[in-house]
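One structure below.
In what follows, chains carry the letters A, B, and so on, assigned in the order in which the sequence lines appear, proteins first and then strands, with residues in each chain numbered from 1.
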Number of protein chains: 2
Amino acid sequence: MESLKTALARISALSPDTEAAFLSAWKSWTLPKDHPVLREHTVSDYIYFIEKGAARIFYTKNGKTITEWLALDQQFFLSITSFFQRSPSHLGIHTLEPAELRGIHYQDFMSLADRYHEVERLLRKMITDSLILSQVRMDAIQFETAQQRYDRLMATQPEIIQRVPLTYIASFLGMTLETLSRIRSGK
Amino acid sequence: MESLKTALARISALSPDTEAAFLSAWKSWTLPKDHPVLREHTVSDYIYFIEKGAARIFYTKNGKTITEWLALDQQFFLSITSFFQRSPSHLGIHTLEPAELRGIHYQDFMSLADRYHEVERLLRKMITDSLILSQVRMDAIQFETAQQRYDRLMATQPEIIQRVPLTYIASFLGMTLETLSRIRSGK
DNA sequence: AGCCTGATTTGATAATTATCAAATACTATT
DNA sequence: AATAGTATTTGATAATTATCAAATCAGGCT
(Lines give C-alpha, C1' and ligand atoms only; values in the text may rest on other atoms or scores of the structure.)
Protein backbone atom coordinates (compact mmCIF):
# COMPACT_ATOMS: atom_id res chain seq x y z
CA MET A 1 0.00 0.00 0.00
CA GLU A 2 2.80 2.34 0.88
CA SER A 3 4.39 2.40 -2.55
CA LEU A 4 1.26 3.30 -4.51
CA LYS A 5 0.75 6.13 -2.07
CA THR A 6 4.32 7.28 -2.58
CA ALA A 7 4.08 7.01 -6.35
CA LEU A 8 0.90 9.07 -6.38
CA ALA A 9 2.34 11.67 -4.01
CA ARG A 10 5.26 12.11 -6.40
CA ILE A 11 2.81 13.05 -9.16
CA SER A 12 0.53 15.42 -7.27
CA ALA A 13 -0.16 16.20 -3.62
CA LEU A 14 -3.58 15.33 -2.21
CA SER A 15 -5.13 16.60 1.00
CA PRO A 16 -5.49 13.84 3.65
CA ASP A 17 -9.21 13.18 3.23
CA THR A 18 -9.08 13.24 -0.58
CA GLU A 19 -6.13 10.91 -0.48
CA ALA A 20 -7.98 8.50 1.82
CA ALA A 21 -11.03 8.47 -0.44
CA PHE A 22 -8.89 7.99 -3.52
CA LEU A 23 -6.66 5.25 -2.14
CA SER A 24 -9.61 3.26 -0.87
CA ALA A 25 -10.89 2.99 -4.45
CA TRP A 26 -7.86 0.94 -5.48
CA LYS A 27 -8.19 -2.84 -5.47
CA SER A 28 -5.39 -5.37 -5.05
CA TRP A 29 -4.49 -8.58 -6.84
CA THR A 30 -1.72 -11.08 -6.36
CA LEU A 31 -1.04 -12.94 -9.58
CA PRO A 32 1.34 -15.80 -10.43
CA LYS A 33 3.82 -15.70 -13.29
CA ASP A 34 2.39 -15.80 -16.85
CA HIS A 35 -1.12 -14.97 -15.77
CA PRO A 36 -3.51 -12.86 -17.87
CA VAL A 37 -4.46 -9.41 -16.60
CA LEU A 38 -6.48 -8.27 -19.60
CA ARG A 39 -7.76 -10.42 -22.41
CA GLU A 40 -7.35 -9.06 -25.97
CA HIS A 41 -10.41 -7.45 -27.57
CA THR A 42 -12.13 -6.65 -24.30
CA VAL A 43 -12.69 -3.24 -22.75
CA SER A 44 -9.95 -2.32 -20.33
CA ASP A 45 -11.59 -1.04 -17.17
CA TYR A 46 -8.56 -0.39 -15.01
CA ILE A 47 -5.50 1.70 -14.61
CA TYR A 48 -2.96 -0.59 -13.01
CA PHE A 49 0.00 -0.02 -10.76
CA ILE A 50 2.51 -2.80 -10.39
CA GLU A 51 3.86 -2.83 -6.84
CA LYS A 52 6.29 -5.60 -7.57
CA GLY A 53 6.83 -7.91 -10.50
CA ALA A 54 6.71 -7.49 -14.27
CA ALA A 55 3.95 -7.30 -16.83
CA ARG A 56 3.80 -7.18 -20.59
CA ILE A 57 1.32 -5.29 -22.73
CA PHE A 58 1.02 -6.77 -26.20
CA TYR A 59 -1.10 -7.12 -29.27
CA THR A 60 -1.35 -9.19 -32.39
CA LYS A 61 -0.63 -7.71 -35.78
CA ASN A 62 -0.54 -9.79 -38.97
CA GLY A 63 -0.34 -12.92 -36.88
CA LYS A 64 2.63 -11.65 -34.91
CA THR A 65 2.58 -10.73 -31.26
CA ILE A 66 3.98 -7.27 -30.66
CA THR A 67 5.09 -6.11 -27.23
CA GLU A 68 3.84 -2.59 -26.86
CA TRP A 69 5.02 -1.93 -23.33
CA LEU A 70 6.90 -3.56 -20.46
CA ALA A 71 6.02 -2.51 -16.92
CA LEU A 72 8.29 -3.28 -13.98
CA ASP A 73 7.95 -2.50 -10.28
CA GLN A 74 6.42 0.82 -9.34
CA GLN A 75 5.04 1.66 -12.76
CA PHE A 76 1.54 2.53 -13.87
CA PHE A 77 0.18 0.93 -17.00
CA LEU A 78 -3.07 0.68 -18.92
CA SER A 79 -4.54 0.36 -22.36
CA ILE A 80 -4.79 4.05 -23.12
CA THR A 81 -7.20 3.95 -26.01
CA SER A 82 -9.48 1.38 -24.45
CA PHE A 83 -9.59 2.90 -20.98
CA PHE A 84 -10.29 6.41 -22.15
CA GLN A 85 -12.42 5.66 -25.18
CA ARG A 86 -14.28 2.79 -23.49
CA SER A 87 -13.79 0.64 -26.54
CA PRO A 88 -12.53 -2.93 -26.81
CA SER A 89 -8.77 -2.96 -26.77
CA HIS A 90 -6.62 -4.78 -29.25
CA LEU A 91 -4.21 -5.01 -26.34
CA GLY A 92 -3.70 -7.91 -24.00
CA ILE A 93 -1.78 -7.81 -20.75
CA HIS A 94 -0.19 -10.63 -18.78
CA THR A 95 2.33 -11.03 -16.00
CA LEU A 96 5.92 -12.04 -16.71
CA GLU A 97 6.75 -12.59 -13.05
CA PRO A 98 4.64 -13.16 -9.96
CA ALA A 99 3.08 -9.75 -9.43
CA GLU A 100 1.41 -7.56 -6.85
CA LEU A 101 -1.04 -5.40 -8.76
CA ARG A 102 -3.21 -2.48 -7.75
CA GLY A 103 -5.94 -1.14 -9.96
CA ILE A 104 -8.63 1.50 -10.05
CA HIS A 105 -11.76 1.12 -12.13
CA TYR A 106 -12.63 3.69 -14.78
CA GLN A 107 -15.97 4.55 -13.19
CA ASP A 108 -14.45 4.97 -9.76
CA PHE A 109 -11.62 7.13 -11.03
CA MET A 110 -13.99 9.31 -13.01
CA SER A 111 -16.50 9.82 -10.24
CA LEU A 112 -13.69 10.70 -7.83
CA ALA A 113 -12.28 13.10 -10.42
CA ASP A 114 -15.75 14.65 -10.65
CA ARG A 115 -16.10 14.94 -6.90
CA TYR A 116 -12.56 16.09 -6.08
CA HIS A 117 -10.80 18.74 -8.10
CA GLU A 118 -7.53 17.40 -6.67
CA VAL A 119 -8.14 13.97 -8.15
CA GLU A 120 -8.92 15.54 -11.50
CA ARG A 121 -5.60 17.36 -11.28
CA LEU A 122 -3.79 14.16 -10.38
CA LEU A 123 -5.33 12.40 -13.35
CA ARG A 124 -4.36 15.27 -15.59
CA LYS A 125 -0.76 15.05 -14.39
CA MET A 126 -0.64 11.29 -14.83
CA ILE A 127 -1.81 11.63 -18.40
CA THR A 128 0.61 14.47 -19.04
CA ASP A 129 3.53 12.33 -17.87
CA SER A 130 2.34 9.56 -20.07
CA LEU A 131 2.05 11.90 -23.05
CA ILE A 132 5.58 13.19 -22.55
CA LEU A 133 6.87 9.62 -22.39
CA SER A 134 4.95 8.80 -25.53
CA GLN A 135 6.50 11.74 -27.38
CA VAL A 136 10.01 10.78 -26.38
CA ARG A 137 9.42 7.19 -27.40
CA MET A 138 7.95 8.17 -30.75
CA ASP A 139 10.98 10.27 -31.50
CA ALA A 140 13.23 7.34 -30.61
CA ILE A 141 11.33 4.94 -32.83
CA GLN A 142 11.19 7.28 -35.78
CA PHE A 143 14.70 8.65 -35.83
CA GLU A 144 17.06 6.33 -34.03
CA THR A 145 18.72 3.18 -35.32
CA ALA A 146 18.13 -0.20 -33.71
CA GLN A 147 21.49 0.12 -31.97
CA GLN A 148 20.61 3.51 -30.52
CA ARG A 149 17.27 2.27 -29.25
CA TYR A 150 18.99 -0.61 -27.48
CA ASP A 151 21.61 1.70 -25.99
CA ARG A 152 18.89 3.98 -24.71
CA LEU A 153 17.12 1.11 -22.99
CA MET A 154 20.39 -0.02 -21.42
CA ALA A 155 20.98 3.49 -20.16
CA THR A 156 17.51 4.01 -18.73
CA GLN A 157 16.27 0.58 -17.64
CA PRO A 158 19.13 -1.92 -17.66
CA GLU A 159 17.29 -4.23 -15.24
CA ILE A 160 14.71 -4.91 -17.93
CA ILE A 161 17.28 -6.96 -19.85
CA GLN A 162 17.84 -9.22 -16.86
CA ARG A 163 14.20 -9.83 -16.17
CA VAL A 164 12.42 -10.00 -19.51
CA PRO A 165 12.96 -12.54 -22.33
CA LEU A 166 14.71 -11.03 -25.34
CA THR A 167 11.86 -11.80 -27.73
CA TYR A 168 9.67 -9.37 -25.85
CA ILE A 169 12.37 -6.76 -25.55
CA ALA A 170 13.05 -6.99 -29.28
CA SER A 171 9.51 -6.19 -30.27
CA PHE A 172 9.22 -3.55 -27.56
CA LEU A 173 12.22 -1.89 -29.21
CA GLY A 174 10.71 -2.31 -32.66
CA MET A 175 13.15 -4.82 -34.09
CA THR A 176 13.31 -8.56 -34.62
CA LEU A 177 14.77 -10.97 -32.13
CA GLU A 178 17.65 -11.72 -34.48
CA THR A 179 18.57 -8.07 -34.88
CA LEU A 180 18.58 -7.60 -31.11
CA SER A 181 20.76 -10.64 -30.68
CA ARG A 182 23.28 -9.33 -33.20
CA ILE A 183 23.36 -5.93 -31.57
CA ARG A 184 24.00 -7.49 -28.19
CA SER A 185 26.82 -9.66 -29.50
CA GLY A 186 28.50 -6.48 -30.75
CA LYS A 187 27.82 -7.27 -34.42
CA MET B 1 -13.69 33.49 -31.93
CA GLU B 2 -16.61 31.24 -32.67
CA SER B 3 -14.57 28.30 -33.84
CA LEU B 4 -12.28 28.10 -30.82
CA LYS B 5 -15.39 28.12 -28.68
CA THR B 6 -16.91 25.33 -30.76
CA ALA B 7 -13.74 23.29 -30.71
CA LEU B 8 -13.52 23.58 -26.94
CA ALA B 9 -17.20 22.73 -26.48
CA ARG B 10 -16.64 19.55 -28.45
CA ILE B 11 -14.00 18.49 -25.93
CA SER B 12 -15.79 19.33 -22.70
CA ALA B 13 -18.79 21.44 -21.70
CA LEU B 14 -18.16 24.54 -19.57
CA SER B 15 -20.71 26.50 -17.60
CA PRO B 16 -21.32 29.99 -19.05
CA ASP B 17 -19.25 31.98 -16.54
CA THR B 18 -16.35 29.51 -16.57
CA GLU B 19 -16.40 29.56 -20.34
CA ALA B 20 -16.31 33.35 -20.39
CA ALA B 21 -13.38 33.48 -18.00
CA PHE B 22 -11.53 30.83 -19.94
CA LEU B 23 -12.12 32.26 -23.41
CA SER B 24 -11.01 35.70 -22.35
CA ALA B 25 -7.59 34.29 -21.49
CA TRP B 26 -6.92 33.42 -25.13
CA LYS B 27 -4.94 35.89 -27.21
CA SER B 28 -5.09 36.32 -30.98
CA TRP B 29 -2.45 36.76 -33.65
CA THR B 30 -2.64 37.22 -37.37
CA LEU B 31 0.53 36.03 -39.05
CA PRO B 32 1.71 36.09 -42.67
CA LYS B 33 2.97 33.06 -44.53
CA ASP B 34 6.35 31.61 -43.43
CA HIS B 35 6.41 33.48 -40.18
CA PRO B 36 7.94 32.08 -36.97
CA VAL B 37 5.60 31.22 -34.10
CA LEU B 38 8.15 29.67 -31.78
CA ARG B 39 11.91 29.90 -32.05
CA GLU B 40 13.87 26.65 -31.51
CA HIS B 41 15.50 26.18 -28.11
CA THR B 42 13.20 28.54 -26.27
CA VAL B 43 10.53 27.68 -23.73
CA SER B 44 7.14 27.26 -25.34
CA ASP B 45 4.64 29.23 -23.29
CA TYR B 46 1.49 28.68 -25.29
CA ILE B 47 -1.01 26.14 -26.41
CA TYR B 48 -2.11 27.28 -29.84
CA PHE B 49 -5.26 26.88 -31.83
CA ILE B 50 -5.15 27.57 -35.53
CA GLU B 51 -8.44 29.12 -36.64
CA LYS B 52 -7.42 29.18 -40.26
CA GLY B 53 -4.18 28.50 -42.08
CA ALA B 54 -1.39 25.98 -41.70
CA ALA B 55 1.58 25.64 -39.38
CA ARG B 56 4.53 23.32 -39.16
CA ILE B 57 6.22 22.06 -36.01
CA PHE B 58 9.79 20.98 -36.64
CA TYR B 59 13.18 20.36 -35.17
CA THR B 60 16.74 19.82 -36.24
CA LYS B 61 18.41 16.47 -35.84
CA ASN B 62 21.89 15.72 -37.19
CA GLY B 63 21.73 18.82 -39.30
CA LYS B 64 18.42 17.81 -40.86
CA THR B 65 15.12 19.54 -40.29
CA ILE B 66 12.43 17.10 -39.25
CA THR B 67 8.74 17.96 -39.44
CA GLU B 68 7.19 16.63 -36.28
CA TRP B 69 3.66 17.82 -36.83
CA LEU B 70 1.50 19.67 -39.35
CA ALA B 71 -1.46 21.64 -38.05
CA LEU B 72 -4.25 22.79 -40.33
CA ASP B 73 -7.41 24.77 -39.64
CA GLN B 74 -9.21 24.09 -36.37
CA GLN B 75 -6.43 22.14 -34.72
CA PHE B 76 -4.67 22.63 -31.42
CA PHE B 77 -0.89 22.35 -31.31
CA LEU B 78 1.95 22.92 -28.89
CA SER B 79 5.37 21.70 -27.92
CA ILE B 80 4.25 19.11 -25.41
CA THR B 81 7.49 18.57 -23.55
CA SER B 82 8.37 22.22 -23.39
CA PHE B 83 4.95 23.49 -22.38
CA PHE B 84 4.39 20.96 -19.64
CA GLN B 85 7.95 20.60 -18.41
CA ARG B 86 8.73 24.29 -18.72
CA SER B 87 12.01 23.49 -20.43
CA PRO B 88 13.50 24.90 -23.63
CA SER B 89 12.05 23.10 -26.60
CA HIS B 90 14.08 21.64 -29.41
CA LEU B 91 11.00 22.41 -31.47
CA GLY B 92 10.40 25.36 -33.68
CA ILE B 93 7.07 26.38 -35.17
CA HIS B 94 6.31 28.52 -38.19
CA THR B 95 3.38 29.23 -40.43
CA LEU B 96 3.07 27.67 -43.88
CA GLU B 97 0.15 29.86 -44.90
CA PRO B 98 -1.21 33.15 -43.63
CA ALA B 99 -2.70 32.15 -40.29
CA GLU B 100 -5.17 33.22 -37.64
CA LEU B 101 -3.81 31.93 -34.37
CA ARG B 102 -5.21 31.82 -30.87
CA GLY B 103 -3.10 30.97 -27.87
CA ILE B 104 -3.32 30.63 -24.13
CA HIS B 105 -0.32 31.11 -21.88
CA TYR B 106 0.84 28.33 -19.58
CA GLN B 107 0.43 30.43 -16.44
CA ASP B 108 -3.06 31.54 -17.41
CA PHE B 109 -4.19 28.05 -18.26
CA MET B 110 -2.81 26.66 -15.04
CA SER B 111 -4.29 29.28 -12.79
CA LEU B 112 -7.67 28.86 -14.46
CA ALA B 113 -7.35 25.10 -14.04
CA ASP B 114 -6.62 25.72 -10.36
CA ARG B 115 -9.55 28.04 -9.93
CA TYR B 116 -12.11 26.11 -12.01
CA HIS B 117 -12.51 22.38 -11.73
CA GLU B 118 -14.19 22.46 -15.14
CA VAL B 119 -11.12 23.94 -16.78
CA GLU B 120 -8.97 21.29 -15.16
CA ARG B 121 -11.29 18.68 -16.63
CA LEU B 122 -11.11 20.31 -20.04
CA LEU B 123 -7.33 20.31 -19.89
CA ARG B 124 -7.35 16.68 -18.87
CA LYS B 125 -9.53 15.79 -21.83
CA MET B 126 -7.39 17.77 -24.25
CA ILE B 127 -4.31 15.91 -23.09
CA THR B 128 -6.12 12.60 -23.21
CA ASP B 129 -7.09 13.19 -26.84
CA SER B 130 -3.53 14.11 -27.61
CA LEU B 131 -2.26 10.98 -25.90
CA ILE B 132 -4.61 8.77 -27.88
CA LEU B 133 -3.46 10.42 -31.10
CA SER B 134 0.13 9.94 -30.09
CA GLN B 135 -0.44 6.23 -29.45
CA VAL B 136 -2.06 5.71 -32.82
CA ARG B 137 0.71 7.58 -34.58
CA MET B 138 3.42 5.64 -32.75
CA ASP B 139 1.85 2.42 -33.82
CA ALA B 140 1.75 3.61 -37.42
CA ILE B 141 5.38 4.65 -37.40
CA GLN B 142 6.60 1.48 -35.81
CA PHE B 143 4.65 -1.13 -37.70
CA GLU B 144 3.52 0.25 -41.02
CA THR B 145 5.44 0.56 -44.26
CA ALA B 146 6.07 3.91 -45.92
CA GLN B 147 3.29 3.13 -48.39
CA GLN B 148 0.81 2.38 -45.61
CA ARG B 149 1.65 5.57 -43.78
CA TYR B 150 1.05 7.59 -46.94
CA ASP B 151 -2.23 5.79 -47.59
CA ARG B 152 -3.34 6.52 -44.06
CA LEU B 153 -2.63 10.22 -44.47
CA MET B 154 -4.53 10.27 -47.76
CA ALA B 155 -7.47 8.61 -46.07
CA THR B 156 -7.56 10.87 -43.03
CA GLN B 157 -6.29 14.26 -44.20
CA PRO B 158 -6.11 14.38 -48.00
CA GLU B 159 -6.19 18.19 -48.03
CA ILE B 160 -2.77 18.23 -46.38
CA ILE B 161 -1.21 17.03 -49.64
CA GLN B 162 -2.66 19.99 -51.51
CA ARG B 163 -1.54 22.59 -49.04
CA VAL B 164 1.84 21.49 -47.70
CA PRO B 165 5.11 21.03 -49.66
CA LEU B 166 6.07 17.39 -50.07
CA THR B 167 9.39 17.80 -48.28
CA TYR B 168 7.55 18.54 -45.06
CA ILE B 169 5.02 15.80 -45.58
CA ALA B 170 7.81 13.31 -46.21
CA SER B 171 9.53 13.96 -42.93
CA PHE B 172 6.21 14.15 -41.11
CA LEU B 173 5.57 10.64 -42.40
CA GLY B 174 9.04 9.51 -41.42
CA MET B 175 10.48 8.96 -44.87
CA THR B 176 12.68 10.84 -47.32
CA LEU B 177 11.38 13.14 -50.00
CA GLU B 178 12.53 10.70 -52.67
CA THR B 179 10.69 7.79 -51.12
CA LEU B 180 7.50 9.81 -50.89
CA SER B 181 7.86 10.89 -54.50
CA ARG B 182 8.25 7.28 -55.63
CA ILE B 183 5.25 6.15 -53.60
CA ARG B 184 3.14 8.89 -55.14
CA SER B 185 4.17 8.02 -58.67
CA GLY B 186 2.95 4.47 -57.98
CA LYS B 187 6.49 3.01 -57.89
C1' DA C 1 23.50 -37.10 -15.62
C1' DG C 2 20.62 -37.01 -19.64
C1' DC C 3 16.61 -35.31 -22.03
C1' DC C 4 13.20 -32.08 -23.52
C1' DT C 5 11.57 -27.69 -24.66
C1' DG C 6 12.00 -23.15 -25.35
C1' DA C 7 15.33 -19.26 -25.81
C1' DT C 8 19.04 -17.34 -28.18
C1' DT C 9 22.59 -17.14 -31.62
C1' DT C 10 24.47 -17.48 -36.18
C1' DG C 11 24.39 -17.60 -41.26
C1' DA C 12 22.70 -16.56 -45.85
C1' DT C 13 19.69 -13.88 -48.46
C1' DA C 14 15.95 -10.55 -49.51
C1' DA C 15 13.24 -6.39 -48.86
C1' DT C 16 12.74 -1.71 -47.72
C1' DT C 17 14.30 2.64 -47.54
C1' DA C 18 18.16 6.07 -47.49
C1' DT C 19 21.70 8.46 -49.87
C1' DC C 20 23.88 10.83 -53.53
C1' DA C 21 23.56 12.84 -57.98
C1' DA C 22 21.28 14.77 -61.80
C1' DA C 23 17.44 16.01 -64.52
C1' DT C 24 13.06 18.12 -64.96
C1' DA C 25 8.99 20.78 -63.57
C1' DC C 26 6.89 24.54 -61.43
C1' DT C 27 6.19 29.41 -59.69
C1' DA C 28 6.81 34.03 -59.12
C1' DT C 29 8.77 38.05 -60.89
C1' DT C 30 10.59 40.93 -64.17
C1' DA D 1 7.70 35.23 -72.47
C1' DA D 2 12.36 34.59 -70.21
C1' DT D 3 14.68 33.72 -65.95
C1' DA D 4 15.92 32.47 -61.41
C1' DG D 5 15.11 29.84 -57.71
C1' DT D 6 12.76 26.18 -55.53
C1' DA D 7 10.27 21.81 -55.59
C1' DT D 8 9.81 17.38 -57.38
C1' DT D 9 11.10 13.37 -59.96
C1' DT D 10 14.18 9.82 -61.55
C1' DG D 11 18.24 6.77 -61.48
C1' DA D 12 21.97 4.13 -59.44
C1' DT D 13 23.80 2.37 -55.39
C1' DA D 14 24.39 1.50 -50.38
C1' DA D 15 22.86 0.71 -45.69
C1' DT D 16 19.85 -1.17 -42.42
C1' DT D 17 16.95 -4.46 -40.93
C1' DA D 18 13.79 -8.43 -41.85
C1' DT D 19 13.14 -13.10 -43.12
C1' DC D 20 14.01 -17.89 -43.29
C1' DA D 21 16.66 -21.74 -41.78
C1' DA D 22 19.52 -24.12 -38.76
C1' DA D 23 22.56 -24.65 -34.91
C1' DT D 24 23.55 -24.05 -30.13
C1' DC D 25 22.50 -23.02 -25.40
C1' DA D 26 20.07 -23.20 -20.86
C1' DG D 27 17.05 -24.58 -17.29
C1' DG D 28 13.74 -27.68 -15.35
C1' DC D 29 12.47 -32.44 -14.70
C1' DT D 30 12.80 -37.47 -14.37
Figure out the [atom1]/[atom2] separation between [X] and [N], and round it to whole Å.
X: B/Tyr168; N: D/dA7; atom1: OH; atom2: P; value: 6 Å
X: A/Leu166; N: D/dA26; atom1: CG; atom2: C1'; value: 13 Å
X: B/Glu144; N: C/dT17; atom1: CD; atom2: P; value: 11 Å
X: B/Tyr150; N: C/dT16; atom1: OH; atom2: C1'; value: 19 Å
X: B/Arg182; N: C/dC20; atom1: CZ; atom2: P; value: 14 Å
X: A/Ile169; N: C/dA7; atom1: CD1; atom2: C1'; value: 12 Å
X: A/Arg184; N: D/dT24; atom1: CZ; atom2: P; value: 20 Å
X: A/Gln142; N: C/dT16; atom1: CD; atom2: C1'; value: 16 Å

message = Checking A/Glu100 against A/Ser28: is there a side-chain donor and acceptor pair closer than 3.5 Å?
response =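 Side-chain D/A pair, A/Ser28 to A/Glu100: absent.
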Quick one: list whatever passes side-chain contact (heavy atoms from CB on, under 4.5 Å) with [X], sequence neighbours left out.
X: B/Ala7; result: B/Phe49, B/Phe76
X: A/Gln157; result: A/Gln75, A/Leu153, A/Glu159, A/Ile160
X: A/Ala140; result: A/Glu144, A/Arg152

query = With A/Arg124, which of B/Arg121, B/Arg124, B/Lys125 fulfils side-chain contact (heavy atoms from CB on, under 4.5 Å)?
reply =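 Only one of B/Arg121, B/Arg124, B/Lys125 forms a side-chain contact (heavy atoms from CB on, under 4.5 Å) with A/Arg124, namely B/Arg124.
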request  = Can you tell me which residue pairs pass the side chain to side chain donor-acceptor pair (under 3.5 Å) test with a partner in residues 34-45 of chain A, sequence neighbours excluded?
outcome  =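 Listed by first then second residue: A/Glu40-A/Thr60, A/Asp45-A/Arg86.
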request  = Quick one: which residue pairs count as a side chain to side chain donor-acceptor pair (under 3.5 Å) with a foot in residues 165-175 of chain B, not counting sequence neighbours?
outcome  =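 Passing the test, one end in residues 165-175 of chain B: B/Thr67-B/Ser171.
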ask   = Side chain of B/Ala146: nearest nucleotide among C/dT10, D/dT17, C/dT17?
value =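 Of the candidates, C/dT17 comes closest.
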ask   = Quick one: which of D/dT17, D/dG11, C/dT10 gets closest to the side chain of A/Thr145?
value =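 Given the options D/dT17, D/dG11, C/dT10, the side chain of A/Thr145 is closest to D/dT17.
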Net bend of the helix from C/dA1-D/dT30 to C/dT30-D/dA1, end axes of five pairs each, nearest 10 degrees =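 For the helix from C/dA1-D/dT30 to C/dT30-D/dA1, the axes at either end differ by 30°.
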ask   = What is the ring orientation for A/Tyr46 with A/Tyr48, classed by angle as parallel under 30°, tilted 30 to 60°, or perpendicular over 60°?
value =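 Tilted: the ring planes of A/Tyr46 and A/Tyr48 meet at 30° to 60°.
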inquiry  = It should be established whether B/Lys64 places a side-chain nitrogen or oxygen under 4.0 Å from OP1 or OP2 of nucleotide C/dT19.
reply    =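 Yes, such a contact exists.
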ask   = Under 4.0 Å between a side-chain N/O of B/Lys33 and OP1 or OP2 of C/dA28, yes or no?
value =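 Checking C/dA28 against B/Lys33, no side-chain N or O comes under 4.0 Å of OP1 or OP2.
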query = Can you list the other members of the hydrophobic cluster that holds B/Phe58, where links are side-chain heavy atoms under 4.5 angstrom apart?
reply =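 Members alongside B/Phe58: none; it stands by itself.
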query = Linking Ile, Leu, Val, Met, Phe, Trp and Tyr through side-chain heavy atoms less than 4.5 Å apart, which residues share a cluster with A/Ile141?
reply =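 For the cluster that includes A/Ile141, the remaining residues are A/Met138, B/Met138, B/Ile141.
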Dump every N/O contact between nucleotides 24-27 of chain C and the protein below 3.5 Å, one line per pair.
none

ask   = Under the ring pair (Phe, Tyr, Trp, His ring centres under 6.0 Å) rule, what pairs show up with a residue in residues 122-154 of chain B, not counting sequence neighbours?
value =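 Those involving residues 122-154 of chain B do not exist here.
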inquiry  = Using a strict heavy-atom distance below 4.0 Å, which residues from residues 174-181 of chain B are in contact with DNA chain D?
reply    =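 B/Leu177, B/Glu178, B/Ser181, in order of number.
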Identify each donor-acceptor pair in which a side-chain atom of residues 173-181 of chain B lies under 3.5 Å from a protein atom, sequence neighbours left out, and give them as a table.
| from | atom 1 | to | atom 2 | distance (Å) |
| --- | --- | --- | --- | --- |
| B/Thr176 | OG1 | B/Thr179 | N | 3.2 |
| B/Thr176 | OG1 | B/Thr179 | OG1 | 3.0 |

